[in-house]
Amino acid sequence: MAERMPPRSPDRIPRRPWRSLRARITVAATLIVAAVMVVGSLAFSALLGAEVRDTTARAAEARAQEIALRADEFGTSAVGDLDDDIAQVVDGSGRVLVASDDAEDGALPVDADGTLTSYQGDRVLIVVESLDDDSSDRGGSRGDDDDDDEAEDAAADLRLVLAVPVEDDDATLATAALLLAGSTVLVVLLVAGVTWWVVGRALRPVNRIRREVDDITADRLDRRVAEPASGDEIAALATTMNRMLDRLDASATAQRRFVSDASHELRSPLATMRQHAELARAHPDATTLDDLAEIVAEEGLRMQDLVDGLLVLTRIDEHVPQRRDAVDLDDLALTEASRLRAAGVAVDGSDIAAARVQGDPRLLGRVVRNLADNAARHAASQVAIGVRVTDGRAVLTVDDDGSGIPPAERSRVFERFVRLDEGRARDAGGSGLGLAIVAGVVRSAGGTVSVSDAPLGGARFVVSLPAS
């Protein structure tokens, strides 16, 4: 058979920093901010480019109108006197009539009004403006008298073509794009650094709590983690961890006490049988075989009852699924009343009415028997058993006319191996598991059990279970 490897301690578990919560949060926040910044930068660049182009177009149109008015007033020859503008006057056939100094290297595209194109290696915006028909007349003749008719026809469709360079716009947009890219990188790096620092600072108490809890072992369950005064989720985590440690400490303490009490209870009958056996061996005349057999039988029954009770409580603690059969609670009560009467106990069963519940018949029968035996043990002269159905609940009551149970002790009687002062002796108090079994079985069946004062003057045990 292969040997099982011991579990690795937390210190030996390989660390993967890139898979830590701190790294994942930082990466997620950085990616989200980066995506938002990139989308925002692209949108801003698009809006800025459109706004710059629109401003340039309006300025170009205004300049073209200004030049057109000048040509209308002084003739098309005025266009040739322009120094800083790229402008041409073309006729209806596309022939260049007049060109400024910067526009003498080629014809500008007349059909590219309002668009960007390239002229002499530079990007320019083309604007076309119509001129008055008589602009050419004021500018003088460009040919002989034989060509007057042709010139007049061409002058009927004169247009001003203006090319505005957009190099400054491109430089502005490139600078804005560079600034946006740089700011995006800086913001993303800043967010990554701040997120890494903030998450690390926020998780620092968690790491401290983890280290403190890791140092707590089974023999050091009394230790607790420090609870920060921040009042946030980390403080709630520390409080929850301390409550869990309280439960574990209480459970371990109860388990140790349970084992100790069980060992003591099992030791007592064994010691009794051993003492009588040694007495019979050392002094045969002091006892008889019948006496020894009777003692062994009685102590054996005590041990059997104790072991059975421990097994029942163990199954309840382990939440072993129970049978869910229809059980007549009144039949169980009548059976126990008859058993007590046969033992010489006065039992009043007049309040037993029909009631049916769902559960394990054997365990529910043990509940009724334990309560009946407890009442008979502490009763002065009378026991009363009642069963009724109230508001969808089957209620079992077992009363006695004994001395009752003080209010301060009523919660303790359902603990394991607990005997009150009057029942400290083994012959009076039993094993101390009867009422603990009652509480465990009733709780697992979805019911409740409580103790109060009985009308007879003693104690009244009330069991409430869902009726079916």
Exercise. Which heavy atom in T26 sits nearest to a heavy atom in A192, and how many Å separate them?
Worked result: CG2-O, 3.5 Å

Exercise. Okay, side chain of N242, backbone of R224: is any donor-acceptor separation there less than 3.5 Å?
Worked result: no

For this session: Check each of V463, V357, V442 against L364 using the side-chain contact (heavy atoms from CB on, under 4.5 Å) test, and report the only one that passes.
Result: V357

Exercise. Knowing that exactly one of T117, D169, D170 qualifies, which makes a side-chain hydrogen bond (donor to acceptor under 3.5 Å, both in side chains) with R123?
Worked result: D170

For this session: Return yes if some donor-acceptor pair links the side-chain N/O of R393 with the main-chain N/O of S464 below 3.5 Å, else return no.
Result: yes

Exercise. Between atom CD of E227 and atom CG of L237, what is the distance when rounded to the nearest 0.5 Å?
Worked result: 10.0 Å

For this session: Determine yes or no for a side-chain-to-main-chain donor-acceptor pair under 3.5 angstrom, with R410 supplying the side chain and S450 the backbone.
Result: no

Problem set entry | Test item: side-chain donor near acceptor, S350 and D348, under 3.5 Å | yes

Exercise. Under 4.5 Å between any side-chain heavy atoms of V327 and D360, yes or no?
Worked result: no

Problem set entry | Under 3.5 Å: donor-acceptor pair, side chain of D400, backbone of A380 | no

Problem set entry | Approximate separation, where rounding is to 0.5 Å, of D122 CG and I86 CD1 | 7.0 Å

For this session: Would you check if the side chain of D401 reaches a backbone N or O of L456 as a donor-acceptor pair within less than 3.5 Å?
Result: no

Exercise. With side chains defined as the heavy atoms from C-beta onward, is the minimum distance between T30 and T195 less than 4.5 Å?
Worked result: no

Problem set entry | Verdict with reasoning, R369 to R339, per side-chain contact (heavy atoms from CB on, under 4.5 Å) | CA-CA 9 Å; R369 171 162 292 195; R339 184 179 63 84; 3.2 Å; yes

For this session: With rounding to the nearest 0.5 Å, note down the distance linking CG in D399 to CG in L371.
Result: 11.0 Å

Problem set entry | Closest contact, heavy atoms only, L162 versus A60 | CD2-O, 3.6 Å

Exercise. Which pair of heavy atoms, one from V389 and one from A354, lies closest together, and at what distance?
Worked result: CG2-O, 3.7 Å

Problem set entry | Side chain proximity check, R53 to L116, heavy atoms < 4.5 angstrom | yes

Problem set entry | I126 vs Y119, side-chain contact (heavy atoms from CB on, under 4.5 Å): CA-CA, chis, key distance, verdict | CA-CA 10 Å; I126 301 298; Y119 183 74; over 6 Å; no

Exercise. Got a salt bridge between D373 and R366, using NZ or NE/NH1/NH2 to carboxylate O under 4.0 Å?
Worked result: no

For this session: Report yes if some heavy atom in the side chain of R247 is under 4.5 Å from a heavy atom in the side chain of R243; otherwise report no.
Result: yes

Exercise. To the nearest 0.5 Å, how far apart are CE in M241 and CG in L245?
Worked result: 5.5 Å

Exercise. Can any side-chain N or O of N370 pair as donor or acceptor with the backbone N or O of G434 at less than 3.5 Å?
Worked result: yes

Seminar exercise, completed: Shortest non-hydrogen pair, A337 vs V347, comes out as CB-CG1, 3.8 Å

For this session: Determine whether L48 and V52 make a side-chain contact, defined as any pair of heavy atoms from C-beta on separated by less than 4.5 Å.
Result: yes

Problem set entry | Interatomic distance, I209 atom CD1 to R204 atom CZ [nearest 0.5 angstrom] | 13.5 Å

Problem set entry | Minimum side-chain heavy-atom gap L396-I385 below 4.5 Å | yes

Problem set entry | Reported CG-to-CG distance for the pair D84 and D102, which is rounded to 0.5 angstrom | 7.0 Å

Exercise. Does a salt bridge link R63 with E66, judged by any charged N lying under 4.0 Å from a carboxylate O?
Worked result: yes

For this session: Let me see the working for E278 and R281 under side-chain contact (heavy atoms from CB on, under 4.5 Å), right down to the final yes or no.
Result: CA-CA 5 Å; E278 291 177 351; R281 175 185 296 176; 5.6 Å; no

Exercise. Got a sec: does the CD of Q120 have more than 12 other heavy atoms crowding it under 6.0 Å?
Worked result: yes

For this session: Test Q304 against D308 for side-chain contact (heavy atoms from CB on, under 4.5 Å), laying out the working first.
Result: CA-CA 6 Å; Q304 180 181 355; D308 289 343; 3.7 Å; yes

Problem set entry | Crowding at CZ, R274 (>12 non-hydrogen neighbours, <6.0 Å) | no

Problem set entry | Check: T397/R460 side-chain N/O donor and acceptor closer than 3.5 Å | no

For this session: Taking the side chain as every heavy atom from C-beta outward, state whether I405 and F461 have any pair of such atoms under 4.5 Å apart.
Result: yes

Exercise. So do E299 and H276 actually touch side chain to side chain, heavy atoms under 4.5 Å?
Worked result: no

Exercise. Are more than 12 heavy atoms from other residues, nucleotides or ligands located less than 6.0 Å from atom CG of D215?
Worked result: yes

For this session: Looking only at non-hydrogen atoms, find the nearest pair between L332 and V368 and report the distance.
Result: O-CG1, 3.9 Å

For this session: Can you see which heavy atom on Q358 is nearest to which on A326, and at what distance?
Result: OE1-N, 3.7 Å

For this session: Please collect all salt bridge (Lys or Arg N to Asp or Glu O under 4.0 Å) contacts where either partner lies in residues 324-335, sequence neighbours excluded, each pair once.
Result: R323-D325, D328-R356

